[in-house]
Amino acid sequence: MATNKSDFTTLYNEYSVLVYNVALNYLQSVEDAEEITQDVFLQLHKSLHKFQKKSTLKTWIYRITINKCLDFIKHKNSQKRFFIFGKKNQNELELLNISNFEHPGILLENKEKAIVLFGIINELGENQKTAFLLSKVDGLSNPEIAKIMKLSVSSVESLIFRAKTILKEKLSNKFEEYRKKK
Amino acid sequence: MEANNWINDVLNSSNGITKVVPDALLFSKIQNRISIQNTVSSQWIWIAAASFTILVSLNVKILLSNNTKTVAPTETIVSSVSNSNQLY
């Protein structure tokens with residue numbers, strides 16, 4: 001056994017909320033977030049002794065969680081592709097990624113708008129989505145995000161800027177729909 | 001103007017988000033998976049050890065049986081060849 005029981009319990013108590021929330025923001029599903037949290041802690045249990053302290057434990061756990069989420073999404077998309085046969089074009093992928101996710105941590109008055117936000121976040125590229133979620137939803141600073149993503153601070157700034165620009169463009173297209181509904 | 005306000009409201013809708021606590025049973029699910037992994041790994045260790053023991057004992061048996069055999073069959077062939085000086 002790589003990690004003793006009390007160490008592991010302490011580790012879980014300290015980081016389970018972090019892991020679960022990152023996974024929840026990323027995957028937008030309570031069940032998937034629970035599955036990823038389990039996978040992350042299984043990996044931590046197996047490989048905590050290999051942690052080389054080149055970064056902080058928190059940064060390392062963030063990286064493991066994000067990588068697990070990305071792998072999970074890729075696996076899910078490849079399964080969808082397998083069942084429907086053939087590669088999808090951009091519009092079809094956007095349709096597949098449509099989400100009606102109601103984040104349980106969002107304030108009641110923001111619920112409706114947050115559904116729109118989480119829906120279009122899925123249309124961003126991997127790095128833009130990661131940078132945007134860590135910045136806007138997790139509330140991390142740009143230097144913290146840079147360490148997690150192994151990028152320079154300026155690259156993170158530009159990723160967040162581009163993500164916001166894309167989101168604004170997509171939202172301006174959605175605004176007409178919103179006005180018609182109203 | 002209205003569009004801009006709406007866009008900004010949507011982008012800022014994650015403000016004030018609270019952290020969600022995972023299900024209380026999640027930890028026991030993880031511990032369960034760890035114990036299953038450990039059980040599986042010890043099973044494989046025993047299987048590997050048993051296979052290795054069988055392999056070693058088979059090798060020892062073959063070596064011992066080869067040592068006790070006589071060279072008679074080979075000698076018979078050699079003598080029959082040298083008598084007639086031809087194989088057929």
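Because only heavy atoms are used, hydrogens play no part in the values below, and waters and symmetry mates are left out as well, while side chains stay in.
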Chemist: Do A:Val137 and B:Ser14 have side-chain heavy atoms sitting under 4.5 Å apart?
Modeler: yes
Chemist: Taking the side chain as C-beta and beyond, is there a heavy-atom pair between B:Val20 and A:Leu24 under 4.5 Å?
Modeler: yes
Chemist: Rounded to the nearest 0.5 Å, what's the gap from CG on A:Leu107 to OG1 on B:Thr18? Could you check?
Modeler: 7.0 Å
Chemist: Heavy-atom distance under 4.5 Å to chain B: side chain of A:Lys111, backbone, both or neither?
Modeler: neither
Chemist: Can you tell me how far the OG atom of B:Ser13 sits from the CD atom of A:Glu112, to the nearest 0.5 Å?
Modeler: 11.0 Å
Chemist: Between A:Asn13 and chain B, with a heavy-atom cut-off of 4.5 Å, which part of the residue counts as in contact: side chain, backbone, both or neither?
Modeler: neither
Chemist: Please check if atom CZ in A:Phe161 has more than 12 non-hydrogen atoms from other residues, nucleotides or ligands closer than 6.0 Å.
Modeler: no
Chemist: Counting only heavy atoms not in A:Lys68 (residues, nucleotides, ligands), do more than 12 fall under 6.0 Å from its NZ?
Modeler: yes
Chemist: Side chain, backbone, both or neither: which part of A:Leu167 has a non-hydrogen atom closer than 4.5 Å to chain B?
Modeler: side chain
Chemist: Verify the cluster assignment for A:Leu27 and A:Val17: are they in a single hydrophobic cluster under the rule of side-chain heavy atoms below 4.5 Å apart?
Modeler: no
Chemist: Between A:Phe175 and chain B, which part of the residue has a heavy atom less than 4.5 Å away: side chain, backbone, both or neither?
Modeler: both
Chemist: Using the rule that Ile, Leu, Val, Met, Phe, Trp and Tyr join whenever any side-chain heavy atoms are under 4.5 Å apart, tell me whether A:Ile64 and A:Leu42 fall into a single cluster.
Modeler: yes
Chemist: Identify every side-chain donor-acceptor pair in residues 25-34 of chain B under 3.5 Å, counting partners at least two apart or on other chains, and give the distances.
Modeler:
from	atom 1	to	atom 2	distance (Å)
B:Ser28	OG	B:Leu25	O	2.8
B:Arg33	NH1	A:Gln38	OE1	3.0
B:Arg33	NH1	A:Asp39	OD1	3.2
B:Arg33	NH2	A:Asp39	OD1	2.9

Chemist: Which pairs of donor and acceptor atoms, one on a side chain in residues 3-12 of chain B, lie under 3.5 Å apart (sequence neighbours left out)?
Modeler:
from	atom 1	to	atom 2	distance (Å)
B:Asn8	ND2	B:Asn4	O	3.3
B:Asn12	OD1	A:Lys136	NZ	3.0
B:Asn12	ND2	B:Asn8	O	3.1

